[in-house]
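None of the values given here were measured: they were computed from a predicted structure. Below, each value reflects all heavy atoms present in this structure, side chains not excepted, and no hydrogens, waters or symmetry copies.
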Amino acid sequence: MTTTLYLFTGVWWAVLSFLFAPRSYLVSSEGITIRALVTSYAIPKSKIKRVEIVKDVKPGAGLTWAAGLCGYAGLFALADGSTAKVYATRWDRMVRVQTTGGNLYLLSPAEPEAFVEAVNRVVLAEAKL
């Protein structure tokens, strides 16, 4: 019985991780949209203050939502004592999005440099006009 419960829990956790892990990021004049298979998350243009590449993020513990084989989605405590909303598939060469409210987002686009350049050109350049 216990083995079956552990197996069921493990399978359920893997399915949730697969469904809610980020699959793509869309940069538009409205902001950044993070797409997963069953939902999407948005960071509105009006809230985006700065974006930058960070090479060495040390993860701590997941506080909410899903962390698993397919990716990470939700609020995480970081090893440095801060917290961030993480929508990523890896922890290296992440993009940190700082918002006007002081919230941090950590994303893992396939091409971080191109992503940062697109946010600066499409989202932040318009905000400065």
Side-chain angles (χ1 to χ4, degrees):
M1 177 67 169
T2 302
T3 303
T4 304
L5 180 61
Y6 286 143
L7 182 60
F8 177 76
T9 302
V11 169
W12 180 245
W13 195 254
V15 168
L16 284 177
S17 173
F18 179 75
L19 293 175
F20 289 96
R23 298 290 175 235
S24 65
Y25 307 92
L26 173 67
V27 176
S28 72
S29 59
E30 296 176 8
I32 299 169
T33 302
I34 303 144
R35 294 183 175 162
L37 285 177
V38 296
T39 191
S40 63
Y41 315 95
I43 308 171
K45 168 183 164 175
S46 63
K47 303 273 185 193
I48 299 171
K49 182 177 177 180
R50 182 177 59 229
V51 293
E52 61 189 344
I53 296 172
V54 290
K55 295 182 180 183
D56 191 24
V57 176
K58 301 240 186 310
L63 301 174
T64 62
W65 213 236
L69 298 173
C70 301
Y72 310 91
L75 185 64
F76 281 75
L78 304 178
D80 67 4
S82 65
T83 60
K85 292 180 181 178
V86 177
Y87 298 99
T89 55
R90 65 178 194 280
W91 288 97
D92 65 316
R93 295 188 61 232
M94 297 181 92
V95 172
R96 178 172 40 219
V97 179
Q98 175 77 45
T99 66
T100 56
N103 294 322
L104 289 177
Y105 289 82
L106 292 171
L107 313 177
S108 65
E111 297 178 22
E113 293 84 0
F115 182 85
V116 168
E117 193 272 319
V119 173
N120 283 326
R121 181 175 30 86
V122 175
V123 177
L124 295 178
E126 281 187 13
K128 293 177 183 175
L129 294 178

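For Arg90, the salt bridge (Lys or Arg N to Asp or Glu O under 4.0 Å) test picks out Asp92, with sequence neighbours left out. With sequence neighbours left out, Gln98 forms a side-chain contact (heavy atoms from CB on, under 4.5 Å) with Lys49, Arg50, Leu104. Taking the side-chain contact (heavy atoms from CB on, under 4.5 Å) definition, one finds that Glu113 meets it with Ile53, Arg93, sequence neighbours left out. Not counting sequence neighbours, the partners of Ser82 by the side-chain hydrogen bond (donor to acceptor under 3.5 Å, both in side chains) test are Asp80. Scored by the salt bridge (Lys or Arg N to Asp or Glu O under 4.0 Å) test, Arg96 finds Glu52 as partners (sequence neighbours excluded). Phe115 pairs by the ring-ring contact (aromatic ring centres under 6.0 Å, His included) definition with Tyr25, not counting sequence neighbours.
Between Leu107 and Ile32, some side-chain heavy-atom pair lies under the 4.5 Å cut-off. Taking 4.5 Å as the limit, some side-chain heavy atom of Leu106 sits within range of a side-chain heavy atom of Leu78. Counting heavy atoms from C-beta on, the side chains of Val86 and Met94 come closer than 4.5 Å.
Remark: Glu117 CD is packed, more than 12 non-hydrogen atoms of other residues, nucleotides or ligands lying under 6.0 Å away.
Distance alone, capped at 3.5 Å, places no donor-acceptor pair between the Ser24 side chain and the Arg35 backbone.
In terms of hydrophobic clustering, with Ile, Leu, Val, Met, Phe, Trp and Tyr side chains grouped at heavy-atom distances under 4.5 Å, Tyr41 and Leu37 are assigned to a common cluster. Leu26 and Ile43 fall into different hydrophobic clusters, defined by Ile, Leu, Val, Met, Phe, Trp and Tyr side-chain heavy atoms under 4.5 Å apart, directly or through other members.
Here the closest non-hydrogen pair linking Gly31 and Ile48 is CA-CD1, 4.2 Å. Across every non-hydrogen atom of Ala88 and Pro22, the tightest pair is N-CG, 3.2 Å. Taking all atoms of both residues into account, the shortest heavy-atom contact from Val27 to Val122 is CG1-CB, 4.1 Å.
By the 30° and 60° cut-offs, the orientation of the rings of Tyr87 relative to Tyr105 is parallel.
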